[in-house]
Amino acid sequence: MFDTSLVVAFAILSLAAVLAAVRVVSASSLADRIVALDLLVAVAMITIVADAARRGTAAFLDVVVVIALLGFLATVSVARFIERRGAR
């Protein structure tokens with residue numbers, strides 16, 4: 001049952017990653033692209049956590065914390081850049 005749940009979770013995460021990548025490419029504004037990239041970071045983090053659960057190890061959970069921190073800082077930095085640049 002646990003393996004089936006993980007297979008379904010990985011399938012849904014793959015679909016989410018593909019849809020987010022399509023949004024990154026086809027977005028009309030920089031803000032939309034940043035939101036899609038933030039979604040990709042979240043999908044990557046969840047994938048790492050699901051893989052850690054499948055393996056039964058917590059070795060990569062520190063990596064998830066670092067990715068979350070970097071993703072947050074990048075999103076805030078770009079948001080400040082967009083705010084200073086103004087709505088164009």
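Just so it is clear, the values below take in all heavy atoms, side chains as well, and ignore hydrogens, waters and symmetry mates. All residue numbers in this chain count up from 1 along the given sequence.
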A.B. asks: Identify the two heavy atoms, one from A36 and one from A20, that lie closest to each other, and give their separation to 0.1 Å.
C.D. replies: CB-O, 3.8 Å
A.B. asks: Would a hydrophobic clustering, with Ile, Leu, Val, Met, Phe, Trp and Tyr connected at side-chain separations under 4.5 Å, put I46 with I67?
C.D. replies: no
A.B. asks: Given R85 and L30, is the side-chain contact (heavy atoms from CB on, under 4.5 Å) satisfied, shown in steps?
C.D. replies: CA-CA 11 Å; R85 188 181 73 171; L30 180 61; 4.3 Å; yes
A.B. asks: Please answer: with hydrophobic residues joined when any side-chain heavy atoms are less than 4.5 Å apart, are V43 and L15 in the same cluster?
C.D. replies: no
A.B. asks: Roughly how far, to the nearest 0.5 Å, is the CG atom of D62 from the CD1 atom of I48?
C.D. replies: 11.5 Å
A.B. asks: Return the OG to CD1 distance between S77 and I82, rounded to the nearest 0.5 Å.
C.D. replies: 11.0 Å
A.B. asks: Search all heavy atoms of R23 against all heavy atoms of D32 and return the closest pair with its distance.
C.D. replies: NH2-OD2, 3.2 Å
A.B. asks: Do V22 and V24 share a hydrophobic cluster (ILVMFWY, side-chain heavy atoms under 4.5 Å, transitive)?
C.D. replies: no
A.B. asks: Flag yes if V41 and V49 sit in one hydrophobic cluster, no otherwise; membership is Ile, Leu, Val, Met, Phe, Trp, Tyr, and two members link when side-chain heavy atoms are under 4.5 Å apart.
C.D. replies: yes
A.B. asks: Can you tell me how far OG1 of T57 sits from CG of D51, rounded to the nearest 0.5 angstrom?
C.D. replies: 10.0 Å
A.B. asks: When hydrophobic residues are tied together by side-chain contacts of less than 4.5 Å, even through go-betweens, does V7 share a cluster with L13?
C.D. replies: no
A.B. asks: Looking at V25 and R33, what are the two nearest heavy atoms and their distance?
C.D. replies: O-NH2, 3.8 Å
A.B. asks: Closest heavy-atom contact between L61 and A52?
C.D. replies: CD2-CB, 4.2 Å
